[in-house]
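In what follows, a single structure is set out as structure tokens and then discussed.
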Amino acid sequence: MNMYDIMADLRSDSVKNIILDTDAYNEIDDQYAIAYAMLSGDKVDLLSINAAPFLNSRSTSAADGMEKSYNEIFNIRSLVNKDSTVPVYRGSLEFMKDKKIPVESEACENIIKTVTESENFVYVVAIGAITNVASAIAKCPDICKKMCVVWLGGHALHFPDVNEFNLKQDVKAAQIVFDSGVPLLVVPCNGVCTEFRTTVPELEYYLRGKNDLCDYLVDITAAYNRTGAQAWSKVIWDVTAVAALVYPESLDMVVMPRPYLTNDCRYAVDNSRPHFIYVRRINRDKLFADLFTKLANK
């Protein structure tokens with residue numbers, strides 16, 4: 001499908017087949033995104049969840065980050081539905097060192113197998129470093145014909161650089177995805193996704209006491225305020241990527257030529273490039289209303 005067909009499909013009533021690729025332990029937003037996808041069965045069929053690598057203060061290596069994410073996925077899956085059998089796969093143990101050499105993992109194989117064998121178009125929703133997805137494309141380029149990558153990464157086009165956590169961890173992987181021609185939808189972080197903020201008092205009001213899942217999400221969000229600042233809000237980044245499939249009406253999206261991604265984490269414009277879908281605005285209140293309703297009523 002071309003990008004205009006993708007836009008039409010996103011806005012249709014058809015149930016979308018998705019794979020969620022997540023660094024679930026990196027922050028506290030992936031947990032909301034996993035739950036949102038699982039609780040939106042009228043909109044998406046969650047085929048599987050992959051654990052993505054990450055490296056920051058919450059991990060000792062990319063492999064450690066992936067393993068912690070793998071375990072956290074099971075935790076959230078159980079809180080949403082203790083009887084859930086959605087398959088979960090371990091991802092890459094390291095970031096890409098060479099664009100021609102995929103990083104082998106269960107997640108990479110899962111993407112290839114699912115897309116290759118599916119009779120329907122598959123959306124791969126990546127909300128971390130995009131290593132697993134790029135490795136699958138590098139290993140089996142033909143999957144680009146049967147899938148769309150939805151990625152939360154980089155910053156808005158008007159920013160001077162795209163030196164953002166998901167992107168800068170594996171620039172080579174991001175370049176593979178941008179250059180492969182695979183149908184691509186990008187939710188930028190700073191300048192777009194930063195609109196999607198909540199506060200602990202808001203979470204306490206709408207979610208506290210509704211169920212164990214809601215209490216867990218409120219608790220981990222409150223604990224993330226490490227400084228104890230009196231005035232503090234948190235961006236729940238990754239929900240916005242899932243929203244592209246679950247609630248596209250909450251996103252302002254446009255089709256435009258995709259940029260080149262340079263080695264120093266900048267976008268270079270070339271209007272002859274294949275198109276992609278770029279999210280340029282988020283209706284914060286609409287999306288939180290849908291999210292809170294599904295979490296509270298799960």
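The figures that follow rest on heavy atoms only: side chains count, while hydrogens, waters and symmetry mates do not. Quick caveat: nothing in here was measured; it's all calculated off a predicted structure.
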* To do: Kindly indicate, with the supporting measurements, whether the criterion side chain to side chain contact (heavy atoms under 4.5 Å, CB included) is fulfilled by Val242 and Leu20.
  => CA-CA 9 Å; Val242 177; Leu20 189 59; 4.2 Å; yes
* Work out which heavy atom in Asn211 is nearest to a heavy atom in Ala296; give both atom names and the distance. => ND2-O, 3.5 Å
* Asked: In this structure, which one of Leu167, Leu152, Val177 forms a side chain to side chain contact (heavy atoms under 4.5 Å, CB included) with Ile130?
  -> Val177
* To do: Determine which pairs satisfy salt bridge (charged side-chain N to carboxylate O under 4.0 Å, His left out) with at least one residue from residues 144-171, sequence neighbours left out, and list them in order.
  => Asp142-Lys145
* Asked: Hey, what else clusters with Val15 if you join Ile, Leu, Val, Met, Phe, Trp, Tyr whenever side-chain heavy atoms sit under 4.5 Å?
  -> none
* **side chain to side chain donor-acceptor pair (under 3.5 Å) between Asp270 and Ser272, intermediate numbers included** => CA-CA 5 Å; Asp270 181 348; Ser272 69; 2.7 Å; yes
* Start with the C-alpha gap between Lys172 and Ile176, add the side-chain angles, then the distance that decides, and say whether side chain to side chain contact (heavy atoms under 4.5 Å, CB included) holds. => CA-CA 6 Å; Lys172 290 183 175 64; Ile176 286 173; 5.6 Å; no
* Determine whether the side chains of Ser250 and Asn283 contain a donor N or O and an acceptor N or O closer than 3.5 Å. => no
* Asked: Counting only N and O atoms by type, is there a donor-acceptor contact under 3.5 Å from the side chain of Thr240 to the main-chain atoms of Trp237?
  -> yes
* Could you walk me through whether Leu185 and Val149 pass the side chain to side chain contact (heavy atoms under 4.5 Å, CB included) check? -> CA-CA 6 Å; Leu185 185 158; Val149 176; over 6 Å; no
* Do you reckon Val186 sits in the same ILVMFWY cluster as Tyr260, going by side-chain contacts under 4.5 Å, direct or chained? -> no
* To do: Test side chain to side chain contact (heavy atoms under 4.5 Å, CB included) on Thr114 and Ile19 and set out the steps.
  => CA-CA 9 Å; Thr114 301; Ile19 298 171; 3.8 Å; yes
* To do: Measure the spacing between CD of Glu104 and OG of Ser135 and express it to the nearest 0.5 Å.
  => 7.5 Å
Considering only distance and modelled atom types, tabulate donor-acceptor pairs under 3.5 Å from the side chains of residues 189-198, sequence neighbours left out.
from   : atom 1 : to     : atom 2 : distance (Å)
Thr194 : OG1    : Gly191 : N      : 3.1
Glu195 : OE1    : Arg281 : NE     : 3.1
Glu195 : OE2    : Arg281 : NE     : 3.4
Arg197 : NE     : Thr194 : O      : 3.3
Arg197 : NH1    : Ser233 : OG     : 3.2
Thr198 : OG1    : Glu202 : OE1    : 2.4

* Asked: What is the ring orientation for Phe276 with Tyr278, classed by angle as parallel under 30°, tilted 30 to 60°, or perpendicular over 60°?
  -> tilted
* Salt-bridge test for Glu109 and Lys113: reply yes if a basic N is under 4.0 Å from a carboxylate O, no otherwise. => no
* Asked: Taking it one step at a time, do Lys294 and Asp290 satisfy salt bridge (Lys or Arg N to Asp or Glu O under 4.0 Å)?
  -> CA-CA 6 Å; Lys294 287 176 177 174; Asp290 192 51; 3.3 Å; yes
* **Phe159 and His155 aromatic ring geometry - parallel, tilted or perpendicular at 30°/60° bounds** => tilted
* Asked: If only atom types and distance count, is the side chain of Gln31 paired as donor or acceptor with the main-chain N or O of Ala24 below 3.5 Å?
  -> yes
* Would you say the side-chain atoms of Asn132 pair up with the backbone N or O of Ala51, donor to acceptor, closer than 3.5 Å? -> yes
* Counting N and O atoms only, with roles assigned by atom type, does the side chain of Arg273 sit under 3.5 Å from a partner on the main chain of Pro259, one being a donor and the other an acceptor? -> yes
* Asked: Donor-acceptor pair, Asp9 side chain versus Asp5 backbone, under 3.5 Å?
  -> no
* Asked: For Tyr25, which fellow cluster members are found when Ile, Leu, Val, Met, Phe, Trp and Tyr are connected by side-chain heavy-atom distances below 4.5 angstrom, either directly or through intermediates?
  -> Phe54, Phe165
* **Option passing side chain to side chain contact (heavy atoms under 4.5 Å, CB included) with Thr131 (candidates Ser92, Pro102, Ser105)** => Ser92
* **Lys16 atom NZ: more than 12 heavy-atom contacts under 6.0 Å** => yes
* Can any side-chain N or O of Glu106 pair as donor or acceptor with the backbone N or O of Arg90 at less than 3.5 Å? -> yes
* Connected via hydrophobic side-chain network under 4.5 Å: Tyr89 and Val115 -> no
* **Test log, rule salt bridge (Lys or Arg N to Asp or Glu O under 4.0 Å), inputs Glu249 and Arg11** => CA-CA 8 Å; Glu249 301 91 335; Arg11 293 166 175 162; over 6 Å; no
* For residues Val235 and Asp29, determine if any side-chain heavy atom of one lies less than 4.5 Å from a side-chain heavy atom of the other. => no
* Donor-acceptor contact present, side-chain Ser59 to main-chain Asn56, <3.5 Å -> yes
* Does a sphere of radius 6.0 Å around NZ in Lys210 hold more than 12 heavy atoms from other residues, nucleotides or ligands, not counting ones at 6.0 Å or beyond? -> no
* Structure fact -> The reported gap from CG in Asp30 to CG in Asp23 (rounded to nearest 0.5 angstrom) is 4.5 Å
* Without swapping roles, check the side chain of Ser78 against the backbone of Phe74 for a donor-acceptor pair under 3.5 Å. => no
* Say you draw a straight line from CD1 of Ile34 to CD1 of Ile76; how long is it, rounded to the nearest 0.5 Å? -> 6.0 Å
* **Residues Arg266, Asp264: salt bridge by 4.0 Å N-O rule** => yes
* Heavy atoms, side chains only, cut-off 4.5 Å: are Ile49 and Pro87 in contact? -> no
* **Donor-acceptor under 3.5 Å (Lys298 side chain, Leu79 main chain)** => yes
* Asked: Is Val254 reachable from Leu184 through a run of I, L, V, M, F, W or Y residues, each pair having side-chain heavy atoms under 4.5 Å apart?
  -> yes
* Return yes if some donor-acceptor pair links the side-chain N/O of Arg280 with the main-chain N/O of Asp252 below 3.5 Å, else return no. => no
Residues 212-224, side-chain donor-acceptor partners within the protein, below 3.5 Å, at least two apart:
from   : atom 1 : to     : atom 2 : distance (Å)
Asp215 : OD1    : Gly209 : N      : 2.7
Tyr216 : OH     : Glu72  : OE1    : 3.4
Tyr216 : OH     : Glu72  : OE2    : 2.7
Tyr216 : OH     : Asn75  : ND2    : 3.2
Asp219 : OD1    : Arg208 : NH1    : 3.0
Asp219 : OD1    : Arg208 : NH2    : 2.9
Thr221 : OG1    : Tyr32  : OH     : 2.7
Thr221 : OG1    : Leu217 : O      : 2.7

* To do: Indicate, with yes or no, if Tyr4 and Ile6 share a hydrophobic cluster defined by side-chain heavy-atom contacts under 4.5 Å among Ile, Leu, Val, Met, Phe, Trp and Tyr.
  => yes
* Verdict with reasoning, Tyr205 to Phe292, per ring-ring contact (aromatic ring centres under 6.0 Å, His included) -> CA-CA 10 Å; Tyr205 182 85; Phe292 288 162; 9.7 Å; no
* For Phe95 and Ala129, which heavy atoms make the closest approach, and how far apart are they? -> CE2-CB, 3.9 Å
* Side chains of Asn263 and Gln175: donor-acceptor distance under 3.5 Å anywhere? -> yes
* Please collect all salt bridge (charged side-chain N to carboxylate O under 4.0 Å, His left out) contacts where either partner lies in residues 34-61, sequence neighbours excluded, each pair once. => none
* Are any of the side-chain heavy atoms of Pro257 and Val269 separated by less than 4.5 Å? -> no
